[in-house]
Amino acid sequence: MENNKLREQDFLVASISQLSISGSSSPPVVARFRSESLQFGSESDSSDSVQFDLHNCQLFKLGPFQSLCISEASELSNEKIYSRGVTIQFRNEEESSAFHCAFEQWKKEVVVQGWCYDIFVGCIMADVVAPHYLSFKILAAFFTRPSVKEYQERSFGFGSSLQNGIVSSSASKFDDKIEASSAKMYFHYYGQLLHQQNMLQDYVRTGSYYAAVLENRIDFIDRVVVDVGAGSGILSLFAAQAGAKHVYAVEASEMADYARKLIAGNPSLGQRITVIKGKVEEVELPEKADILISEPMGTLLVNERMLESYIIARDRFLVPNGKMFPTIGRIHMAPFSDEYLYIEIANKALFWQQQNYYGVNLTPLHGTAFQGYFSQPVVDAFDPRLLVAPAISHVIDFTSANEEELYEIDIPLRFVSSVGTRVHGLACWFDVLFNGSTVQRWLTTAPGAPTTHWYQLRCVLSQPIYVMPGQEITGQLRMVAHKAQSYTLHLTLSAKMWGPGAEQGGILQTSSGKLDLKEPYYRMSQPQAYPMSQDQQPHQLLQTQASNPLGSKFIMPCLVQLACGLLFSIINAPKSVNMYAA
Ligand SMILES: C[S@@+](CC[C@H](N)C(=O)[O-])C[C@H]1O[C@@H](n2cnc3c(N)ncnc32)[C@H](O)[C@@H]1O
């Protein structure tokens with residue numbers, strides 16, 4: 001927002017009361033944002049107004065209609081100004097939210113880098129009247145500059161704890177676009193050590209991050225780092241190992257407490273790490289970052305919608321031209337043929353074809369059940385020989401993408417089939433690049449590469465399409481974000497008919513499907529044995545598949561291959577399915 005737009009902004013509030021003075025000012029009271037100050041006073045008479053310097057005041061929500069504004073004690077031209085506080089009573093929740101929003105924007109405008117104060121609750125007490133669920137005592141709230149150690153021990157910003165109660169955080173972009181129930185489940189999930197362990201045990205993932213950071217020490221030495229969604233704090237510890245000056249590890253779930261414990265147990269690194277409990281959309285940091293590190297990738301890269309948080313963190317915390325690890329992400333897509341998978345899914349609905357299930361005809365629900373099974377994207381590790389055309393990719397540059405671009409992603413599809421076969425849908429995977437100054441490293445989840453806990457994803461169409469070698473397959477993948485931190489996928493694949501009459505009419509076979517990325521079918525029960533001999537090239541594999549009418553991995557593996565594959569899975573694959581797979 002432009003500064004001159006912010007220069008004048010007034011809010012009517014129900015009343016204010018100063019902490020040091022009993023009684024409250026009579027309405028109507030106006031809160032005025034002026035240049036670098038926030039003034040409270042009666043609408044007509046400005047003589048009794050209370051003024052706060054926006055540089056050194058903070059706003060806390062006490063309840064839906066009540067907030068607390070506190071300013072730091074300071075000394076200005078030998079005049080001592082004591083810390084002051086007012087409680088503000090709003091007329092309704094909307095006005096309270098609007099005021100908080102404006103406050104954040106104004107602060108952003110006026111607060112320069114190097115913000116480093118924090119609130120301490122003093123020991124002299126007086127009553128602050130708060131709504132039923134929040135009744136606590138504060139009187140002399142005073143500010144002090146915390147020492148480095150205090151920084152390490154405490155968390156910052158909205159949502160941080162006061163000693164006598166929890167201050168609820170103000171509404172944020174995250175809360176606006178994500179359903180509260182989804183967010184609650186999500187952060188509950190990541191708050192558990194077993195799920196963090198699952199990610200840590202994905203050695204392809206964690207090893208790639210470790211290598212990317214340590215090989216690019218030059219990007220971390222003496223730099224300020226923000227770890228976006230720090231989880232256990234592992235990436236912060238890597239950044240500290242690489243010589244970071246200071247790392248701010250921001251984590252919204254209860255895992256932040258475990259991260260603190262882990263970091264405290266590694267004191268030589270931990271002294272340069274501050275864990276901040278809160279959402280990256282909401283917390284305030286004392287300084288800007290030179291580099292962001294994060295692992296925000298979900299199934300198909302975008303599931304969980306955490307990339308949006310990564311981009312918001314970039315806009316809030318990163319210096320201009322700062323680095324991002326990872327830097328870009330690519331979604332790769334190719335059509336595949338897998339009769340076994342298709343039959344497996346179609347057969348799941350057979351149950352509903354029973355006409356006499358305890359005397360009940362189930363067939364009216366068969367169609368719905370059939371479509372329902374095909375609306376689940378399949379997550380497993382598949383044999384790259386199932387692909388029938390070279391993959392195409394869609395790039396997301398984390399350093400320049402807008403958050404809104406991720407709300408709806410449209411990818412036009414165009415492939416040339418290498419074989420004649422039935423196409424059952426679209427196979428997808430992703431990779432990310434760490435564009436380090438020393439080494440560029442990719443972390444890939446491609447089929448045939450060492451398996452990660454993301455596996456790969458396939459969208460299976462209920463109606464396969466037939467293609468000839470060299471035939472064009474066109475279509476579209478449209479991904480629409482939804483409030484449950486995931487996406488609805490709309491897939492269409494088309495190919496011209498061949499055979500008698502096709503040349504004249506150019507008739508298209510088209511098949512479409514709507515899938516929910518939030519409800520995948522995890523299909524990891526079979527041993528996945530897909531070793532390729534060293535001299536076997538992908539196009540040879542496609543030819544092999546073409547001569548195999550079913551084009552499937554399940555026919556060919558010999559016992560040795562199976563044993564290799566099993567061993568490979570045991571060494572590489574994570575131990576359990578990650579519901580969010582980030
Ligand atoms: C995939 S995990 C990665 C954890 C850790 N960085 C690692 O690599 O092992 C993502 C973490 O980000 C956290 N997270 C997701 N969205 C967040 C947000 N908006 N603000 C803060 N933390 C968030 C989750 O709670 C979760 O712990």
Side-chain angles (χ1 to χ4, degrees), residues 155-160 169 171-178 180 182-213 225-240 247-260 262-263 273 275-285 292-299 301-317 324-326 329 403 406 430 432 434 443 445 452-454 484-486 574 578-582:
S155 49
F156 299 91
F158 293 104
S160 60
S169 54
S172 72
K173 201 151 198 190
F174 184 98
D175 298 332
D176 288 345
K177 63 185 185 185
I178 302 299
S182 169
K184 192 172 171 198
M185 269 179 59
Y186 178 76
F187 289 121
H188 175 74
Y189 176 92
Y190 278 123
Q192 295 172 56
L193 219 38
L194 77 123
H195 297 304
Q196 298 286 339
Q197 180 181 338
N198 184 42
M199 291 181 290
L200 296 176
Q201 281 184 312
D202 178 346
Y203 295 105
V204 177
R205 178 201 90 115
T206 312
S208 297
Y209 270 86
Y210 181 76
V213 173
V225 182
V226 172
D227 181 353
V228 178
S232 61
I234 191 72
L235 303 183
S236 299
L237 288 157
F238 289 173
V247 187
Y248 296 97
V250 184
E251 170 59 42
S253 77
E254 295 303 311
M255 188 50 53
D257 299 332
Y258 295 115
R260 267 193 203 113
L262 186 65
I263 284 159
I273 303 174
V275 176
I276 298 167
K277 192 174 185 176
K279 298 191 189 97
V280 290
E281 290 83 355
E282 294 165 12
V283 298
E284 299 293 334
L285 299 186
L292 297 188
I293 186 160
S294 185
E295 198 274 77
M297 299 91 76
T299 312
L301 187 62
V302 293
N303 193 31
E304 297 177 42
R305 300 188 63 183
M306 195 184 155
L307 287 181
E308 293 163 45
S309 302
Y310 189 36
I311 287 170
I312 289 174
R314 176 198 70 196
D315 294 343
R316 298 193 69 207
F317 307 132
M324 293 177 81
F325 266 39
E403 182 228 347
L406 299 178
F430 69 87
V432 293
F434 301 93
L443 163 57
T445 66
T452 69
H453 74 292
W454 289 284
Q485 289 169 280
S486 190
N578 180 347
M579 184 177 138
Y580 290 103

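These numbers come from a predicted model, not from an experiment. Numbering of ligands and ligand atoms starts at 1, following listing order.
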V213 side chain reached by L235 side chain, heavy atoms, under 4.5 Å: no

Y209 and F325 aromatic centres sub-6.0 Å: no

Salt bridge (charged side-chain N to carboxylate O under 4.0 Å, His left out) partner of E403, chosen from K177, R305, R316: K177

M199 backbone acceptor or donor facing T206 side chain under 3.5 Å: yes

Under 3.5 Å donor-acceptor, E304 side chain and Q485 backbone: no

Numbered atoms and elements of ligand 1 in range of F187, under 4.0 angstrom, heavy atoms: 14 (N), 15 (C), 16 (N), 17 (C), 23 (C), 25 (O)

Check: D227 N/O within less than 3.5 Å of ligand 1 N/O: no

Ligand 1 contacted by E251 (non-hydrogen, < 4.0 Å): yes

Residue portion contacting ligand 1 (non-hydrogen atoms closer than 4.0 Å) for E295: both

F187 ring center within less than 6.0 Å of F174 ring center: yes

Contact atoms of ligand 1, heavy-atom distance to K279 under 4.0 Å: 20 (N), 21 (C)

V280 contact mode with ligand 1 (heavy-atom cut-off under 4.0 Å): both

Mutual orientation of the aromatic rings belonging to F430 and W454 [parallel < 30°, tilted 30-60°, perpendicular > 60°]: perpendicular

Beyond-backbone contact of T452 with R205, side-chain heavy atoms, under 4.5 angstrom: no

Close-contact set for ligand 1 against M199 heavy atoms, below 4.0 Å: 1 (C), 2 (S)

Which of the ligand 1 atoms, numbered from 1, are nearer than 4.0 Å to a heavy atom of Q196: 4 (C), 27 (O)

From the candidates S309, A252, P296, the one that places a heavy atom nearest atom 22 (N) of ligand 1: A252

For R205, atoms of ligand 1 separated by under 4.0 Å from a heavy atom: 7 (C), 8 (O), 9 (O)

Close approach of Y189 to ligand 1, heavy atoms, under 4.0 angstrom: no

Enumerated ligand 1 atoms positioned under 4.0 Å from heavy atoms of G231: 4 (C), 27 (O)

Sub-4.0 Å heavy-atom approach of G278 to ligand 1: yes

Numbering as shown, the atoms of ligand 1 that approach E281 to under 4.0 Å (heavy-atom distance): 18 (C), 19 (N)

Sidechain-backbone polar pair: E254 side chain, Q192 backbone, donor-acceptor under 3.5 Å: no

